[in-house]
Chemist: 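Please find one structure pasted underneath; my questions will follow.
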Amino acid sequence: MLEAGKTKFHIDLRRYLREEGEEEALIHLICEIAEASKYIINSIRTGDLGVAGTSNLYGEQQLTLDVLSDRIMRKRLAQSGVVTNVASEEGREIVAVAPHRSGNYSVAYDPLDGSSLVDVNLAVGTIASIYLGADVLQPGIRQAAALYILYGPRTTLVYTTGKGVHEFGMNQLMEYTLLRRNVRMAPKATIYAPGGLRSRYTAGTTRLVNELEANGVKLRYSGGLVPDINQLLMKGSGIFFYPHLQGAAQGKLRLLFELNPMALLVEQAGGAASTGRGRVLEVVPEKLDEVRPFFCGCREDVTLAETFIAQEGRGEL
Ligand code: AFP
């Protein structure tokens, strides 16, 4: 186990996971997802940016890249030898890749979140939520691990297994080596990332924006969940929200594929993640395509959001 605070740079992902005492099958699984990212990078850099002519779980038009990156992830997970079931944001149901194998993991993943940003050359990412056993329809607090890979100017991988948040960078040999261990967030935000149409915000969210702006908190929003969350994690300060909207009481972001993994990562870095009315990680999902409002980042700002939203419910705003 590495001493807290001491960082041995040039330590690769597999060795770091071993030194952190992780279970071998989980180490193998996280490294397999890291391996898949190398092929997804190639598809982003060289692939066709057109439409696939199909739609996903949410009835949204799929891009060729969505289908290709989903195929890369699914094949890698199915061949890993440690995965029982998979659920993809790009798929329509849970797929049994090894139904009779017990003691394994199941993975809910978004193979290329923000894919519509690739054709304007903005950063996108892969998100994975890992559960022990066969069931992915569990509260996020039951995740064995959560991770994302950010395809930006640099390619980085950020994971947690419940023992802190750790960042790795891809080097010229396409190996992931340690950049930051035990990423921590300050109690108050210096940046904010407001998703959704401002004109459809409810009074509580509008009050939150006004409060943040009055306190000099700067707007930083790219439209990609992975780079937007990564920014506030690595700066150690910020709040992201994609709120409930007039006409969309549950917002837009997906509970299994976006909220739960990001919520675990941010909580493990000392932040908070709320639906605006309760802790994201305690929501019990009933179906794959659930969406929820999302307020995620510095603890004090998430609490402020919950306070304003509670007051709007009582007509106090
Ligand atoms: P896609 O994966 O369908 O491109 O959606 C990405 C996303 O869910 C998430 O990455 C962003 O936070 C959110 O959409 C942005 O939504 P808006 O475009 O409505 O701001």
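Quantities reported herein were computed from a predicted structural model and do not represent experimental measurements. Indexing begins at 1, ligand by ligand and atom by atom, following the structure's order.
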Chemist: For atom 5 (O) of ligand 1, what's the nearest protein heavy-atom neighbour? Residue, atom name and distance, please.
Modeler: R254 NH1, 3.7 Å
Chemist: With no hydrogens and no angle check, just 3.5 Å: does a side-chain donor-acceptor pair link S237 and T190?
Modeler: yes
Chemist: At less than 4.0 angstrom from any non-hydrogen atom of S116, what atoms of ligand 1 do you find?
Modeler: 4 (O)
Chemist: Please verify the inter-ring angle class for Y192 with F241; under 30° counts as parallel, over 60° as perpendicular, anything in between as tilted.
Modeler: parallel
Chemist: Out of I27, I11, L13, which one pairs with R18 under the side chain to side chain contact (heavy atoms under 4.5 Å, CB included) rule?
Modeler: I27
Chemist: For the pair E167 and R181, find out whether any cationic side-chain nitrogen is under 4.0 Å from an anionic carboxylate oxygen.
Modeler: no
Chemist: Who's the nearest protein heavy-atom neighbour of atom 11 (C) of ligand 1, and how far?
Modeler: G223 O, 3.3 Å
Chemist: Looking just at side-chain N and O atoms, do T126 and Y151 make a donor-acceptor pair shorter than 3.5 Å?
Modeler: yes
Chemist: How about D113 and Y148: does a side-chain donor come under 3.5 Å of a side-chain acceptor?
Modeler: no
Chemist: Go through the side-chain N and O atoms of E22 and Y159 and say whether any donor and acceptor fall under 3.5 Å apart.
Modeler: no
Chemist: Locate the shortest heavy-atom distance separating L117 from A123; write the atom from each residue and the value.
Modeler: CD1-O, 3.9 Å
Chemist: Counting each atom of ligand 1 from 1 as listed, which ones have a heavy atom of G224 under 4.0 Å away?
Modeler: 10 (O)
Chemist: Side chain, backbone, both or neither: which part of L253 has a heavy atom under 4.0 Å from ligand 1?
Modeler: side chain
Chemist: How far is atom 14 (O) of ligand 1 from its nearest protein heavy atom, and which residue and atom is that?
Modeler: K252 NZ, 2.9 Å
Chemist: Evaluate Y221 for polar contact with ligand 1, using N/O atom pairs at a separation under 3.5 Å.
Modeler: yes
Chemist: Return the closest protein heavy atom for atom 8 (O) of ligand 1 as residue, atom name and distance.
Modeler: E258 OE2, 2.9 Å
Chemist: Contact between S115 and ligand 1, counting heavy atoms under 4.0 Å?
Modeler: yes
Chemist: How about R279: does its CZ atom have over 12 heavy atoms from other parts shown lying under 6.0 Å from it?
Modeler: yes
Chemist: Heavy atom to atom 12 (O) of ligand 1, shortest distance: which of D228, I127, L225, L197 holds it?
Modeler: L225
Chemist: Does G114 reach ligand 1 with a nitrogen or oxygen that is under 3.5 Å from one of the ligand's nitrogen or oxygen atoms?
Modeler: yes
Chemist: Going by heavy-atom distance to atom 9 (C) of ligand 1, choose the closest among L245, D113, D66.
Modeler: D113
Chemist: What protein heavy atom is closest to atom 19 (O) of ligand 1, reported as residue, atom name and distance in Å?
Modeler: Y242 OH, 2.8 Å
Chemist: Below 3.5 Å, N or O to N or O, backbone or side chain included: is there any such pair between D110 and ligand 1?
Modeler: no
